[in-house]
Q: 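I have a structure I would like to understand better, so I am pasting it below and will then ask my questions one at a time.
Letters go in sequence order (proteins before strands), and every chain restarts at 1. As the structure is a computational prediction, the values presented were derived from the model and not from experiment.
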There are 2 protein chains.
Amino acid sequence: MRIAELSRRTGVPIPTIKYYMREGLVPQGERTGPNQARYGEEHVRRLRLARALVEVGGLPVASAREALALIFSSGISEFDVLGKAQYALTPPRERAEDDVWDEAAAQVDELIARRGWQVKPGNPARRTLADALATLRRLGEDDYLDLLETYAETAEHLADTEVRAISRRGDLHAMAEAIVIWTALGDPVIASLRRLAQEAQAARLIGGTTEETA
Amino acid sequence: MRIAELSRRTGVPIPTIKYYMREGLVPQGERTGPNQARYGEEHVRRLRLARALVEVGGLPVASAREALALIFSSGISEFDVLGKAQYALTPPRERAEDDVWDEAAAQVDELIARRGWQVKPGNPARRTLADALATLRRLGEDDYLDLLETYAETAEHLADTEVRAISRRGDLHAMAEAIVIWTALGDPVIASLRRLAQEAQAARLIGGTTEETA
DNA sequence: AATTATGGATAGTGGCACTCTCTACTATTG
DNA sequence: CAATAGTAGAGAGTGCCACTATCCATAATT
């Protein structure tokens, strides 16, 4: 197929497809002439994936490229595909590390140890979590310890279900793809559900008579 | 205090403070002369909040302004503070609504009904969730139904804990503040914990002998 | 008196994700 | 067999966003 059909089938405008090819999110087509190339189903698939990661997952284009490269690379083992996906999917941050941050980081380490989690020191989620906890501390939200515990239990339960579901997939490529998709798109899904559930619980606990209208 | 101290105490550069004042995230100081103004503790507090929402929560400045306006407005009732916070904290999206999307939206409605949640039709999380589910469907991730159910249960549990914790706060202002903080910062906290737990579960279930090094 | 800081306004910067335009072709159509 | 439309690739341009720099007339500090 040519680029027009690729665009039609994915809904991505042609200039954007060209941009994604330049940026390496989608491979070049198979050249058949000086200004002609042919695209196949794998281009459709990869373009859809790229779009999903960028639009719904909110990833920077550079991160999406890494994640896609991971999926479509050969020679990856099942032992590090998840770790590498997490690296690729966590956009780099830079933040000062003062003493409040150090305390928060220690708290993260302690939480991980207490729950018996086996997490590599380099996992970028450690930093992200320490950032958030340090910020909460600076805002004086000190009574979050029980909430944090609930969050951790919950995350453990989620992760258990997710890892089981993913390891059920046959080959490594399908696993890698599922990991990337679910890591990136799971965040907005969970965030949305949390908001919906919050409203529902608030209606039940605070104002059962909120508004039947609206 | 003058602007230099405000900057020092919050770590926010002076030009950024001026920018935030222009944008209405932080109120102007109390004028004491043609080029002098005085700032108080409420400025420190509000600036810290603004910074947390933008930096850690990743909110656009416009959304942060709305959220802060909500916190510091009078005349809000506890019945709609949460709904308004969710509106303010969900950056507007625009996406096509084709038939796949309609199916996903119907699935969202069905999920909400099945769980007995009382959610206003205007809650923006409905759209966000429908977007994500439609994307998953377009990617052929159709086996997500059981996962979605797990997510929903989990969200319900989380929301229960959160709403209880927040309703424990005395006055409405403190509640509004806690809602905004926890809605915005809870997302990265949960996302990080999920990643950490995923790695831990993967290590347990797939490769117990992953890498003790690293 | 000299230096430094301030409020307020305007303009400029850098990053990012596209989007446009151009050229030299190739394919399709009446 | 023109005429029209589509294409690959590359470079430049655009629009948005979150700052950041500069300037001026004053005010505070040393």
Q: Tell me the interatomic distance from A/Met21, atom CE, to D/dA10, atom P, rounded to whole angstroms.
A: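 Atom CE in A/Met21 sits about 12 Å away from atom P in D/dA10.
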Q: I need the CD1-C1' distance between A/Ile14 and C/dC18, as an integer number of Å.
A: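 Result: 15 Å.
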Q: Within the side chain of A/Thr154, is there an N or O that forms a donor-acceptor pair under 3.5 Å with the backbone of A/Thr150?
A: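 Side chain of A/Thr154 to backbone of A/Thr150, a donor-acceptor pair under 3.5 Å: yes, one is there.
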Q: Taking only nitrogen or oxygen atoms into account, show me every contact under 3.5 Å that the protein makes with nucleotides 18-24 of chain D, one pair per line with its distance.
A:
unit_1: D/dA18; atom_1: OP1; unit_2: B/Val61; atom_2: N; d: 3.2
unit_1: D/dC19; atom_1: OP2; unit_2: B/Tyr20; atom_2: OH; d: 2.9
unit_1: D/dT20; atom_1: O4; unit_2: B/Arg22; atom_2: NH2; d: 3.0

Q: Look for any protein N or O under 3.5 Å of an N or O in nucleotides 27-30 of chain D and output each such pair with its distance, or none.
A:
unit_1: D/dA27; atom_1: O4'; unit_2: B/Asn35; atom_2: OD1; d: 3.2
unit_1: D/dA27; atom_1: O4'; unit_2: B/Asn35; atom_2: ND2; d: 3.4

Q: So does A/Lys120 pair up with A/Asp80, basic N to acidic O under 4.0 Å?
A: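 No salt bridge links A/Lys120 with A/Asp80.
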Q: Does a salt bridge link A/Glu94 with A/Arg127, judged by any charged N lying under 4.0 Å from a carboxylate O?
A: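 Result for this pair is no, no salt bridge flagged.
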Q: Take atom CD of B/Glu23 and atom C1' of D/dC16, then tell me their distance rounded to the nearest Å.
A: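 Distance check: B/Glu23 CD to D/dC16 C1' gives 13 Å.
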Q: Partners of A/Tyr39 by ring pair (Phe, Tyr, Trp, His ring centres under 6.0 Å), sequence neighbours excluded?
A: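 Listed in chain order: A/His43.
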Q: Would you call A/Glu199 and B/Arg126 a salt bridge, taking side-chain N to carboxylate O under 4.0 Å as the test?
A: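 Here A/Glu199 does not pair with B/Arg126 in a salt bridge, since their nearest N and O are not under 4.0 Å apart.
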Q: What is the nucleic acid contact for A/Gln28, judged by heavy atoms within less than 4.0 Å: base, sugar-phosphate only, or nothing?
A: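 The answer is sugar-phosphate, as A/Gln28 gets under 4.0 Å only of primed atoms, P, OP1 or OP2.
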Q: Please set out all donor-acceptor pairs under 3.5 angstrom arising from side-chain atoms of residues 52-66 of chain B, sequence neighbours excluded.
A:
unit_1: B/Glu55; atom_1: OE1; unit_2: A/Arg95; atom_2: NH1; d: 3.0
unit_1: B/Arg65; atom_1: NH1; unit_2: B/Glu23; atom_2: O; d: 2.6

Q: What integer distance in Å separates B/Ile17:CD1 from C/dA5:P?
A: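 Rounded to the whole Å, the gap is 15 Å.
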Q: Could you note down all residue pairs passing side-chain hydrogen bond (donor to acceptor under 3.5 Å, both in side chains) where residues 165-189 of chain B supplies at least one of them, sequence neighbours left out?
A: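 Listed by first then second residue: A/Glu141-B/Arg169, A/Glu141-B/Trp182, A/Asp143-B/Arg169, A/Arg194-B/Asp187, A/Arg195-B/Asp187, B/Arg45-B/Glu177.
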Q: In whole angstrom, what separates B/Leu53's CG from D/dC17's P?
A: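 Roughly 18 Å, once rounded to whole Å.
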Q: A/Ile3 has an atom CD1; how far is it from atom P of C/dT26, in whole Å?
A: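 To the nearest whole Å, that distance equals 17 Å.
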Q: How many Å lie between CZ on A/Arg38 and P on C/dA27, as a whole number?
A: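 Distance check: A/Arg38 CZ to C/dA27 P gives 11 Å.
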Q: Under the side-chain hydrogen bond (donor to acceptor under 3.5 Å, both in side chains) rule, what pairs show up with a residue in residues 28-38 of chain A, not counting sequence neighbours?
A: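 Residue pairs passing side-chain hydrogen bond (donor to acceptor under 3.5 Å, both in side chains), neighbours aside: A/Arg2-A/Gln36.
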Q: Between B/Thr90 and B/Tyr87 (side chain of the first, backbone of the second, donor and acceptor by atom type, cut-off under 3.5 Å), is there such a pair?
A: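 Answer holds: no.
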Q: What is the distance, rounded to the nearest whole Å, between atom CD of A/Glu5 and atom P of D/dA8?
A: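 So the CD-P distance, A/Glu5 to D/dA8, works out to 12 Å.
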